[in-house]
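Quick notes on the structure that follows.
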Amino acid sequence: MVLKVEVFVSSSCPYCPQAEQVVDEAKREIGDEMDVEVINIRNDREKALDYGLMAVPAIAINGVVEFLGAPTKDELMAKLK
């Protein structure tokens, strides 16, 4: 099963690059079994509202918001397994 990971970010957020980096590291480790989409909430506000998000960064895994804020790699890997 392919894991669908959505990373909600904003260009003005100081923590979003860290969240993106952690997801990228996990993607390198997991490979093709992980599909990543980075969503800038300024460009796709509707999707953020669908999830009820009021802050970024946020990470959804298979349609469920699992993290508000940037997790550590270990925290993210634990949720992905």
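These figures come from a predicted structure and were not determined experimentally.
Between atom CD1 of residue I59 and atom CG of residue L53 there is a gap of 11.0 Å, rounded to the nearest 0.5 Å. K73 contributes atom NZ, which lies 5.5 Å from atom CD of E25 (distance to the nearest 0.5 angstrom). Atoms NZ and CG, on K4 and N62 in that order, are 9.5 Å from each other to the nearest 0.5 Å. Taking CD1 of I30 as the start and CG of L76 as the end, the distance is 7.0 Å to the nearest 0.5 Å. Expressed to the nearest 0.5 Å, how far CZ of F8 lies from CG of D44 amounts to 7.5 Å. The line from CG of L3 to NZ of K79 is 13.0 Å long, rounded to the nearest 0.5 Å.
The pair K47-E37 meets the salt-bridge criterion, since a charged nitrogen lies less than 4.0 angstrom from a carboxylate oxygen.
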Where do V2 and D32 land on the side-chain contact (heavy atoms from CB on, under 4.5 Å) test, with the steps shown first? CA-CA 8 Å; V2 174; D32 291 340; over 6 Å; no
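Residues V56 and I41 are in side-chain contact: their nearest non-hydrogen atoms beyond the backbone lie under 4.5 Å apart.
Checked by atom type and distance alone, the side chain of K27 pairs as donor or acceptor with a backbone atom of M34 at under 3.5 Å. E75 places a side-chain N or O within 3.5 Å of a backbone atom of T72 that can act as its donor or acceptor partner.
Closest heavy-atom contact between C13 and P17: O-CD, 3.5 Å. V7 and V23 make their closest contact through CG2-CG2, 3.6 Å (heavy atoms, listed as atom of the first residue, atom of the second, distance). The two residues A19 and P57 have their closest heavy-atom pair at CB-CB, 3.6 Å.
Connection of V65 to I39 is established within a shared hydrophobic cluster, with ILVMFWY side chains joined at heavy-atom distances below 4.5 Å, either directly or through further cluster members. In the hydrophobic clustering of this structure, V9 does not group with Y51; members are Ile, Leu, Val, Met, Phe, Trp, Tyr whose side-chain heavy atoms approach within less than 4.5 Å, directly or through other members.
The number of heavy atoms from other shown groups lying within 6.0 Å of CG (N43) is above 12.
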